[in-house]
Amino acid sequence: MALNNTYDARPQQETAVGAGVQLLLLALLGTAIGMGPAGWLTGLAFAFATWAVLARALHRSCLRSFGPANRVTLGRATLVGGVTALVADSFESAPPVTLLVGLTATALLLDGVDGKVARRTGTSTALGARFDMEVDAFLILVLSVYVAMQLGPWVLLIGGMRYAFVAAARLAPWLNAPLPPSFARKTVAAVQGIALLLAGAELLPHLASLAIVLVALGSLLWSFGRDVLWLWRTSRTAVRVPAEPQILELAAR
């Protein structure tokens with residue numbers, strides 16, 4: 001037992017270090033731009049929630065090492081925390097767009113790094129994949145909130161769709177079935193972040209930003225629709241298959 005506790009302590013310590021780095025980033029942002037209470041409170045809430053959820057997940061998974069890939073994802077989560085604080089602060093004052101774009105672009109560029117690191121080091125885990133997915137989903141949600149202030153509340157559909165899917169899965173458990181790997185799904189997910197970043201950067205004309213985000217939303221609706229249809233058909237097939245041996249047995253009698 002003592003040996004297991006020694007191994008378990010190391011990942012927990014790394015999550016605490018990650019929370020400390022998040023606080024340092026918030027302090028730097030606060031000093032650089034004079035961040036208001038909304039930004040500070042939201043950033044602190046994100047840091048605490050990330051640490052608490054990740055620490056609990058590590059405890060339940062009993063991982064003996066945090067792993068290099070999870071360290072990359074934790075770094076991305078720290079950047080997302082900074083973006084979250086800036087977006088929250090934007091409700092009180094206009095944030096420096098260059099800083100917001102820089103943090104977001106770095107987080108998006110690192111999106112594919114953690115997966116490659118996990119595969120090359122042989123440290124892929126279910127926890128790491130879920131951690132990566134949650135960081136991606138939350139960044140998209142935060143960006144959609146920011147862009148919605150420019151283009152309208154309909155943009156929130158992009159950030160909220162994944163969470164709506166999770167909520168629907170509680171009512172329809174067949175939505176929890178694993179999906180087959182899909183390059184199209186990964187591409188559509190990546191497009192959301194790029195489209196929202198371009199719109200948020202305000203470098204393009206309004207109509208161009210509107211068109212880009214609409215295309216991104218359309219592709220996301222297609223991707224979710226395709227996956228939901230596949231899950232529904234699979235669940236229907238799974239229900240019918242167990243009944244076949246019973247029919248054959250009755251026929252034999």
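F46 is not listed as a side-chain neighbour of T78, based on a closest heavy-atom distance of 4.5 Å or more. Y146 is not listed as a side-chain neighbour of L196, based on a closest heavy-atom distance of 4.5 Å or more. Under the 4.5 Å side-chain criterion, counting only non-hydrogen atoms from C-beta, V155 is not in contact with M149. Residues I33 and L86 form a side-chain contact, since some pair of their non-hydrogen atoms from C-beta on lies under 4.5 Å apart. Side-chain contact between L127 and L58 is present, with heavy atoms from C-beta onward closer than 4.5 Å. Between E92 and P37, the closest side-chain pair of non-hydrogen atoms falls below 4.5 Å. Under the 4.5 Å side-chain criterion, counting only non-hydrogen atoms from C-beta, L220 is in contact with M161. Looking only at side-chain heavy atoms (C-beta outward), L110 and L79 come within less than 4.5 Å of each other.
How far CG of L179 is from CG of D227: 4.5 Å, rounded to the nearest 0.5 Å.
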- Under the side chain to side chain donor-acceptor pair (under 3.5 Å) criterion, do E202 and S209 qualify, and how do the steps go? CA-CA 8 Å; E202 300 180 2; S209 296; over 6 Å; no
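Judged by distance alone, the side chain of R185 and the main-chain N or O of P180 form a donor-acceptor pair under 3.5 Å. Not one N or O on the side chain of T42 forms a donor-acceptor pair closer than 3.5 Å with the backbone of G39. Side-chain atoms of T237 come within 3.5 Å of backbone atoms of R233 as a donor-acceptor pair (strictly under, hydrogens ignored). Proximity of a side-chain donor or acceptor of T104 to a complementary backbone N or O of V101 within less than 3.5 Å is not detected. Of the possible donor and acceptor atoms, one in the side chain of S235 sits under 3.5 Å from a partner among the backbone N and O of W232.
Other residues, nucleotides and ligands place no more than 12 heavy atoms under 6.0 Å from the CZ atom of F48.
Follow the hydrophobic side-chain contacts under 4.5 Å out from L29 and you reach V97 in the same cluster.
Closest approach of R76 to V135, counting heavy atoms only: NH2-CG1, 3.9 Å. Of all heavy-atom pairs between V188 and S223, the closest is CG1-CB, 3.9 Å.
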